[in-house]
Amino acid sequence: MGLKMQGHHHLVAVSLNEQQLGTKRKYRSYVPRKNQGKYLVLWIIVFWFAAIHVYRCIDAEHQQRIQEGLVSMCDQRARMLQDQFSVCVNHVHALAVLVSTFHYYKNPSVIDQDTFAEYTARTAFERPLLSGVAYAQRVMNSEREDFESQHGGTIRTMANKEPSPHRGEYAPVILSQETVSYLNLLDMMSGEEDRENILRARSTGKAVLTSPFKLLGSHHLGVVLTIPVYKSKLPPNASVRDRIEATAGYLGGAFDVESLVENLLGQLAGNQEIIVKVYDVTNVSDPLIMYGRQTQEGDPTRVHVSKLDFGDPFRKHQMTCRYLHKAPISWTAITTSCLGYVIVVLAGYMFYTGAIHIVQVEDDFDTMQQLKVRAEAADVAKSRFLATVSHEIRTPMNGILGMLALLLDTDLSSTQRDYAQTAQACGRALITLINEVLDRAKIEAGKLELEAVPFDLRPILDDVLSLFSEKSRNKGIELAVLVSDKVPQIVMGDPGRFRQVITNLVGNSVKFTEQGHIFVQVHLAEQFKAVQDAKLETCMNGRSNGPQSKTLSGREAADDRNNWDKFKHLIADEDFPFQVLTSDGNSQNVNLMVSVEDTGIGIPLHAQELVFMPFMQADSSTSRHYGGTGIGLSISKCLVELMGGQISFISRPQIGSTFSFTANFQRCEKNTIMDPKRSPCDDLPTSFKGLKATVVDTKPVRAAVTRYHLKRLGVLVEVVNSLKAAVAVSSSCACSGQPQPDMILVEKDVWLSGDDLNNVQVFGHILKSPKMILLATNVTSGEFDKAKAAGFCDTLIMKPLRASMVAACLQQVLGTRKAEQGKVMANGSVYLRGLLCGKKILVVDDNRVNRRVAAGALKKFGAEVECADSGKAALDLLQIPHAFDACFMDIQMPEMDGFEATRRIRMMEHKANEQQTNGSMDGCCNNRITTEWHLPILAMTADVIQATFEECQKSGMDGYVSKPFQEENLYQEVAKFFESKPATDS
Amino acid sequence: MELNHIMRQSKFTRNSLFEQGYLDEQFTQLEDLQDDANPNFVKEIVTLFFSDSTRLIRNVETALESYPLDFCKLDDYMHQFMGSSSSIGAKKVKEECTQFQECCKARNGQGCIRAFQRVKQEHATLKRKLETYFQILKQGAKTSKVE
């Protein structure tokens, strides 16, 4: 019936899934799992090449820059040298023109040595490269005499400055710059280079250069420039012969290349860095050095050669430049590439170690995962094992217990009986333990399923309390339960498990409490929370009045927020002062907050964490002292969690503990409950509705509990805190004409406080009408007598209070039952009695036993019973007219079954009715025909399902009752017929 | 002291009957029906039951010997038997009777015979036990009168 909670199947399924997946890797790894070393080496090699490449790129750029520097420097020098040279040559040309103009075209010559010397000296700055210029006249051998006489000297050779031997022609210097005055009258044609030069110059008519040679008068290397001077102007296309003929002389200048180039280069930047050499490369195979030391090599790797054009096409010159020092190594390139490489290698190493680490962690994780799956599987297996084994143990244990019971039935000597009883007690204890273990194992294995059936939790709580009433009375503990009015009457859930949790908590409390109280409360969780929150600050401010006397028994409780200050708001019916957070009436869920408060030994602080662990008690001495396995709380915890709640506790050693848990139930509408057999309502009598009671109690919490129970019975309650006040209330009611309270309930300790005693007597004697009831946890016989003497002749209600018990006592007191009947039956029997009393009922059953039982039951409710053992006999008895008010008919009977008998009875009735109507009236009251003779016939059946209501109706029956009689069922059916005419009860 | 012991023993015997499942709450209801007006109600009913059931068992035995088996008749007897058993709350007997009826419905002759054996067995056990129980009660009643 109803829904089963499925949560734990799911859990098991999950763990199974994990088991299947456990062998596979559930994630993708981006890290190589092996050969990390090879990857590292590859990495290092690749980046080595990369580093070299980078180095080369940077270095090449560097080298190119150096080369470019060299080229530009070299070209600059060559150009400069060339420019200077050509400037000099041009100037020498000019001198040649000057000489020809002023020496030959003017006659007489206007130039003499002095003029020439002065002029050349003054224009020497124009010819920086020339150490000096000189003019040599062409003198034929025939003219030598004249020439020597004219110039007053002899023509000398250049080599030894001796008078020249006779030759074809001569070229004595006649005009010279002062710097080269030593050349005067030296025959230029006597020197090898000069002579060659002269010959070439006069044949080409252009400036010509010698190859470098050691200059006369200095040790420097030099070249001599020679320009011919012609006597007459020559046509541009003059032949060589014409030129030789026309030649008048030669103007020459010596280039002191070495010193002059030195000077020139000295002016330029970067002179120190490079080595410059100037070569005459007219003969390519044997270059002649013009400038630069042969030994100075410089950097052999880098050379730049620049062409020089000194204006003589016959001669070729070039300039060679080298760096003095080798080019420095490019440190930038080296450091850049090295540093880069180092960084990359370190990074590679990092990746390597990282990868190794990751792989290791992944492996570890994998192992852990597998271990976890295995551990979980083992856990489930353990629970299953426990469940199976304890189940297997239970079966033989039941056998043992059964056999022991059988043994106890036989004739035993008292010793043997004692042994057997001891064995049985032990067996029972063992079974209880096994059941607990089984429960826990079932929960852990996910096999426990919660029912979802409608039930009323109030009678369950009453039942639990009644379980412990004996113990609590013996110990003198006040045991009480209170369920808030806001908790719905019926909720959907698992009553068995709910009861188990409560039983466990209360059992623990009873076990560990020696004095004080145990108080079970049930509230709506939302409301409880709202009050907790709202009262927190007021509790903080208002602690002056102390926690004493605010609890049930007056003893301090562990959770002192739980005292009357807050409690009164929880039980207040109307104008709930705090905002309830989530209480919408439509919600299908009912969150209940159950708390069990005791004033026991409490839980030591160090053990509080272990409380919900299975088989853990506070310490081993506890179990020695109080017994028990300590599994109960852990089961309770599991059950509470299954019910969608949480369990917690507050405990203070030597003061007490308060366990509270929440549980989630579904709301349930009353009319949805169809099954009358499992009616979850508690069947409290309603005959007390509207009665008034006064409760005399000084402790508000206890008074609230009393009020709760009375209220369930429909009794209106007023609470006063002394008997005087009660009397006052009573008399004021009497004065104002309002109904007086029907009963006054007095707590024992109020009564024992003494000063009210006389009042009670007065009260009892003068105002007889209210019934006096004493409420007590335990009474001694002396006290009982005293109470009787004091006027509590009516009754004594022993705590713990339960609604049904209170009802029974009240019935006794108020006389709703016959006085001599000591036992009080609840469950509506009072009403049955009311309905059936004095009725004449026929019971038809072929089974003697059944007949007798049914008759006995009906008689008990005051009915007059006649029996018939077959359908036929019944028909005989029911011949009209008869005096029966109802008939209970068995269905399955030999010869004539219940249905057949009923049909016949109905036929008879029909006939009789027709006769009656025909006889008396003519159909004006047709509607009465059916009511005139209609005996209520109820089927009796053992099998409710077989005999459906329709079937009964078809044959004319009015209903059915189950057999054997169940009172509520009987009541429901009988009430249909007899309710309209209620019998007055005594 | 003696009375006390007997009371305890009777209580214990009764409890064990319930715990071992021989009886159910219907028996309690019978006990409830017993009052001053009807002091021996339970005893009377139980005696009635046993005399009735003994007859029924005989009937069933005869019916089982005939061939072919008349299942209708057997079912009828068993229905009666079951009705009385449930009336006095003889739980185990009732359960066995249900088994028997099942077999009847299934027209399983062998099953019927086996089930009947068990019915008889349970019936005998219950009879013995209840007799013991009433013996003790009687003893208690006697003792209390003496005292």
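Basis for what follows: all heavy atoms, side chains included, without hydrogens, waters or symmetry-related copies. In what follows, chains carry the letters A, B, and so on, assigned in the order in which the sequence lines appear, proteins first and then strands, with residues in each chain numbered from 1.
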**Q.** Heavy atoms from other residues, nucleotides or ligands near CG of A:Asp411 exceed 12 (cutoff 6.0 Å)
**A.** no

Q: Tell me, yes or no, whether the heavy-atom count around B:Lys11 atom NZ, taken from other residues, nucleotides or ligands under 6.0 Å, exceeds 12.
A: no

Q: Drop me the distance from B:Gln80's CD to A:Asp845's CG, to the nearest 0.5 angstrom.
A: 8.0 Å

Q. Can you tell me how far the CD atom of A:Gln424 sits from the CD atom of B:Glu19, to the nearest 0.5 Å?
A. 7.0 Å

Within [range], which residues come under 4.5 Å of chain A, heavy atom to heavy atom?
| range | answer |
| --- | --- |
| residues 113-122 of chain B | none |
| residues 41-52 of chain B | B:Phe41, B:Glu44, B:Ile45, B:Leu48, B:Phe49, B:Ser51, B:Asp52 |
| residues 93-102 of chain B | none |
| residues 124-133 of chain B | B:Lys129, B:Thr132 |

Q. Side chain, backbone, both or neither: which part of A:Arg851 has an atom under 4.5 Å from a heavy atom of chain B?
A. neither

Q | Note, A:Leu406 side chain near B:Gln20 side chain (heavy atom, < 4.5 Å) | A | yes

